[in-house]
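Every value quoted in this text rests on a predicted model; they were computed, and no experiment measured them.
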Amino acid sequence: MNWRETPATLSRARDEQPVVFTGPKGALHGIFTPPAPDAPPARDCIVFPGRPRSGLRRHLVLAARILAAEGFAVLRFDLRGRGESAGEVERPSRTEPPGEDVVAAIRHLREAHGQKQFLLAGYCYDALTALDSFKDEADSISGIFFATATVLEEKLGGSYATNRVRTAALHLRSKVRSARAPKILNSFKIPFRALVRSHARALFLYAEQDRLRAEFAVAEEVLFSQLDRETRTRLEIEIWPGRIHNTEGETAVIERAISWLREFHPARSERAELREPLQPSAQDS
């Protein structure tokens, strides 16, 4: 993907609007990118909760403009204590992700911009934060892109962070069935159950050689294995080779997020339906 500005993304840049809305610990700041007026409108507004000093900051700027040029409204905003947003700078916590900030963003978009349905996308801590918002706004969320976030209360030992994924998986299954089983975070388990009860789609993305892939294997064993077929179809899992939880993997992750979010555009759905083969009629049989 070309990560340079194009005439279409520059047009969206010129129309971007700074926004300030009330969060649970003070004002939250963001940038709202309206959809291109000449593009077929999307039904969903995309929300990127972020930390602007991370390496992803430029990728999210361009991702927002690319998607807005195709008809999506997009908000990217600073979580509490980050960038210009109020609140103390808090160390990212696997047990207390600030999902209330995402809820505040959704409610602002609903009240100030007339948006009704939402798509969320997050990488690492931001993914866990986005998922946390399902506790309060599950009915208004159409989908979530969840990339390489922690799911366990404690880090697994170094033996799990090896390339021997099959051996690690077998070891994990054994531990899951024992009293020493790693515990899944409530900050993952509770909003995950809200996601399951909803009608939202999800894509969970991990890579084989990342330490967090072994954590997610526990969630697959404990949570995903219990899902019925319809729910399991909605909640996709992709496991890539190599590593993505690093600077080099960020670009590929955001590119995948863009391609997945595009699937929610009505125009994309209509084209997919047209490509499907027609069922034979009674006269043809």
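- Qualifying salt bridge (charged side-chain N to carboxylate O under 4.0 Å, His left out) partners for E5, counting only residues two or more places apart in sequence or in other chains: R58, R65.
- In this structure a side-chain-to-backbone donor-acceptor pair under 3.5 Å is missing from S85 to G81.
- A distance-only check finds no donor-acceptor pair linking the side chain of R262 to the backbone of H265 [under 3.5 Å].
- Between R243 and E248, none of the side-chain N atoms (NZ, or NE/NH1/NH2) sits under 4.0 Å from a carboxylate O, so this pair counts as no salt bridge.
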- Could you give me the CA-CA distance, side-chain angles and deciding distance for R43 and F264, then say whether side-chain contact (heavy atoms from CB on, under 4.5 Å) is met? CA-CA 8 Å; R43 299 189 187 99; F264 290 82; over 6 Å; no

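- Applying the salt bridge (charged side-chain N to carboxylate O under 4.0 Å, His left out) criterion to D139, with sequence neighbours excluded, gives no partner residue.
- When ring centroids are compared, F204 and F224 come within the 6.0 Å threshold.
- For R107, the side chain to side chain contact (heavy atoms under 4.5 Å, CB included) partners at least two apart in sequence or on another chain are V103, R110, E111, D136, E137.
- R76 places no side-chain N or O within 3.5 Å of a backbone atom of F32 that could act as its donor or acceptor partner.
- Neither V20 nor I106 shares a network with the other; the hydrophobic side chains, linked directly or stepwise wherever heavy atoms of I, L, V, M, F, W or Y lie under 4.5 Å apart, form separate groups for each.
- Side-chain atoms of T148 and H245 include a donor-acceptor pair closer than 3.5 Å.
- With sequence neighbours excluded, the residues forming a side chain to side chain contact (heavy atoms under 4.5 Å, CB included) with A112 are H108, listed by chain and number.
- For F77 and F21, the ring centers sit closer than 6.0 Å to each other.
- Applying the side-chain hydrogen bond (donor to acceptor under 3.5 Å, both in side chains) test to K135 and every residue at least two apart in sequence or in another chain returns D132.
- Taking the side chain to side chain contact (heavy atoms under 4.5 Å, CB included) definition, one finds that D228 meets it with E230, T231, sequence neighbours left out.
- By the 4.0 Å N-to-carboxylate-O rule, E238 lies close enough to R256 to be salt-bridged with it.
- Minimum interatomic distance between L120 and A130 (heavy atoms only, all atoms of both residues): CD1-O, 3.5 Å.
- Scored by the side-chain hydrogen bond (donor to acceptor under 3.5 Å, both in side chains) test, S187 finds no partners at all (sequence neighbours excluded).
- Under the ring-ring contact (aromatic ring centres under 6.0 Å, His included) criterion, F118 pairs with no residue, sequence neighbours left out.
- Every side-chain hydrogen bond (donor to acceptor under 3.5 Å, both in side chains) that S142 has, sequence neighbours left out, goes to D44, Q117.
- Side-chain atoms of H113 never come within 3.5 Å of backbone atoms of Q115 as a donor-acceptor pair (strictly under, hydrogens ignored).
- Ion pairing of D15 with R12 is present here, as a side-chain N (NZ or NE/NH1/NH2) and a carboxylate O approach within less than 4.0 Å.
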Run the side-chain donor-acceptor check on residues 188-202: report pairs under 3.5 Å with partners two or more places apart or on a different chain.
unit_1: S198; atom_1: OG; unit_2: L195; atom_2: O; d: 2.6
unit_1: S198; atom_1: OG; unit_2: A200; atom_2: N; d: 3.1
unit_1: R201; atom_1: NH2; unit_2: E263; atom_2: OE1; d: 2.7

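- A donor-acceptor contact shorter than 3.5 Å links the side chain of Y206 to the backbone of A149.
- Checked by atom type and distance alone, the side chain of H29 never pairs as donor or acceptor with a backbone atom of P18 at under 3.5 Å.
- Shown here are the side-chain hydrogen bond (donor to acceptor under 3.5 Å, both in side chains) partners of N186, two or more places apart in sequence or in another chain: there are none.
- Among residues two or more places apart in sequence or in another chain, the side chain to side chain contact (heavy atoms under 4.5 Å, CB included) test is passed with R4 by N2.
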